[in-house]
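Worksheet: one structure, shown below.
This structure is a prediction, so every number in the text was calculated from the model and none was measured. Values below: every heavy atom of this structure, side chains too, minus hydrogens, waters and symmetry copies.
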Amino acid sequence: MTHDNTNTQTFRKTSTYAMVVTALMAAVTCILAPLSVPIGPVPISLTNFAIYLSLYLLDWKKGTLSYLIYLLLGLVGLPVFSGFTGGLAKLAGPTGGYIIGFIPMAIIAGIVIDKFTNRGIQILGMIVGTAICYAFGTAWFCLQAGYTVGAALAVCVIPFIPADLCKMVIAMIIGPMIRKRLGTVAQQ
């Protein structure tokens with residue numbers, strides 16, 4: 001009986017710990033994402049950095065869940081999107097495709113980060129996930145703003161590539177260090 005009780009307590013501790021870190025990463029995203037630099041129709045924000053970091057601290061499912069919690073908070077009107085905005089209008093606007101594109105980005109990058117310890121493969125997973133986010137966002141931006149694909153790429157993708165690569169590398173360096181200090185959350 002004691003053995004079963006110990007296993008149950010360990011599971012609850014682990015589940016509680018995972019829920020807390022998932023909620024904490026949603027909160028970190030709520031803090032970092034609104035901080036943005038307006039450089040054109042699409043601002044530079046720290047949303048993707050917060051997602052990459054959460055993927056290192058959690059597994060892909062919990063990392064994606066933390067982003068979905070953030071997304072729901074923004075959709076109900078909390079000012080957590082770039083530029084301290086929120087609400088359904090932001091999602092329906094020209095940059096809404098990027099907000100949605102972060103979901104497949106988190107899933108793809110997260111699965112690769114979970115499955116491979118090689119940093120080159122991990123960065124490749126983040127690049128592929130980000131490229132898919134770019135595709136979602138650029139397609140929606142073209143529909144909403146009436147830009148051609150080439151014009152949209154020039155203002156919505158190309159200026160962001162260097163900063164996004166830097167965010168990936170920083171997350172790849174500090175994410176495992178933070179995770180090691182927190183202990184294993186996602187491996188249970």
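Checking Leu75, Ile69, Leu73 one by one against Leu71, the side-chain contact (heavy atoms from CB on, under 4.5 Å) holds for a single residue, Leu75. Put simply, the residue from Met25, Arg179, Gln122 that forms a side-chain contact (heavy atoms from CB on, under 4.5 Å) with Tyr56 is Gln122.
By the rule that hydrophobic residues join a cluster once side-chain heavy atoms approach within less than 4.5 Å of another member, Leu143 and Ile132 end up as members of separate clusters. No continuous path of hydrophobic side-chain contacts links Ile123 to Val112 [ILVMFWY only; heavy atoms under 4.5 Å]. No chain of hydrophobic side-chain contacts below 4.5 Å, direct or via other Ile, Leu, Val, Met, Phe, Trp or Tyr residues, connects Ile31 to Val20.
Between Gly175 and Leu57, the closest heavy-atom pair is O-CD2, 3.5 Å. A pairwise comparison of heavy atoms in Pro176 and Ile173 identifies CD-O, 3.8 Å as the closest pair. Scanning all heavy atoms of the two residues, the minimum distance from Trp140 to Leu91 falls at NE1-O, 3.8 Å. Residues Cys156 and Val42 approach most closely at SG-CG2, 3.5 Å, considering heavy atoms. Nearest approach of Val80 to Ala33, heavy atoms of both residues: O-CB, 3.5 Å.
Applying the salt bridge (charged side-chain N to carboxylate O under 4.0 Å, His left out) test to residues at least two apart or on different chains, none of the pairs has a partner in residues 119-135. Every pair tested for side-chain hydrogen bond (donor to acceptor under 3.5 Å, both in side chains) that includes a residue from residues 31-43 fails, sequence neighbours excluded, so the list is empty.
Within 6.0 Å of the CZ atom in Phe160, the count of heavy atoms belonging to other residues, nucleotides or ligands exceeds 12.
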Distance-only donor-acceptor pairs under 3.5 Å for side chains of residues 92-108, two or more places apart:
| from | atom 1 | to | atom 2 | distance (Å) |
| --- | --- | --- | --- | --- |
| Tyr98 | OH | Thr138 | N | 3.4 |
| Tyr98 | OH | Thr138 | OG1 | 3.1 |

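Here Lys115 contributes atom NZ and Ile121 contributes atom CD1; the two are 13.5 Å apart, rounded to the nearest 0.5 Å.
In terms of modelled atom types and a separation under 3.5 Å, the side chain of Asp114 and the main chain of Asp59 share no donor-acceptor contact. With hydrogens and angles disregarded, a donor-acceptor distance shorter than 3.5 Å links the side chain of Thr85 to the backbone of Ser82.
The aromatic ring centres of Tyr70 and Tyr67 sit less than 6.0 Å apart.
Between Cys30 and Leu78, the closest side-chain pair of non-hydrogen atoms is not below 4.5 Å. Lys62 places none of its side-chain heavy atoms less than 4.5 Å from the side chain of Ser54. At least one side-chain heavy atom of Thr22 sits less than 4.5 Å from a side-chain heavy atom of Leu58. In this structure the side chain of Leu46 never reaches within 4.5 angstrom of the side chain of Thr29, judged on heavy atoms.
Among residues two or more places apart in sequence or in another chain, the ring pair (Phe, Tyr, Trp, His ring centres under 6.0 Å) test is passed with Tyr134 by none. Considering only residues two or more places apart in sequence or on other chains, Tyr147 meets the ring pair (Phe, Tyr, Trp, His ring centres under 6.0 Å) condition with Phe141. Partners of Lys167 under the salt bridge (charged side-chain N to carboxylate O under 4.0 Å, His left out) rule, at least two apart in sequence or in another chain, are Asp164.
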Between Tyr52 and Thr47, does the side chain to side chain donor-acceptor pair (under 3.5 Å) criterion hold? Intermediate values first, please.
CA-CA 9 Å; Tyr52 302 141; Thr47 308; over 6 Å; no
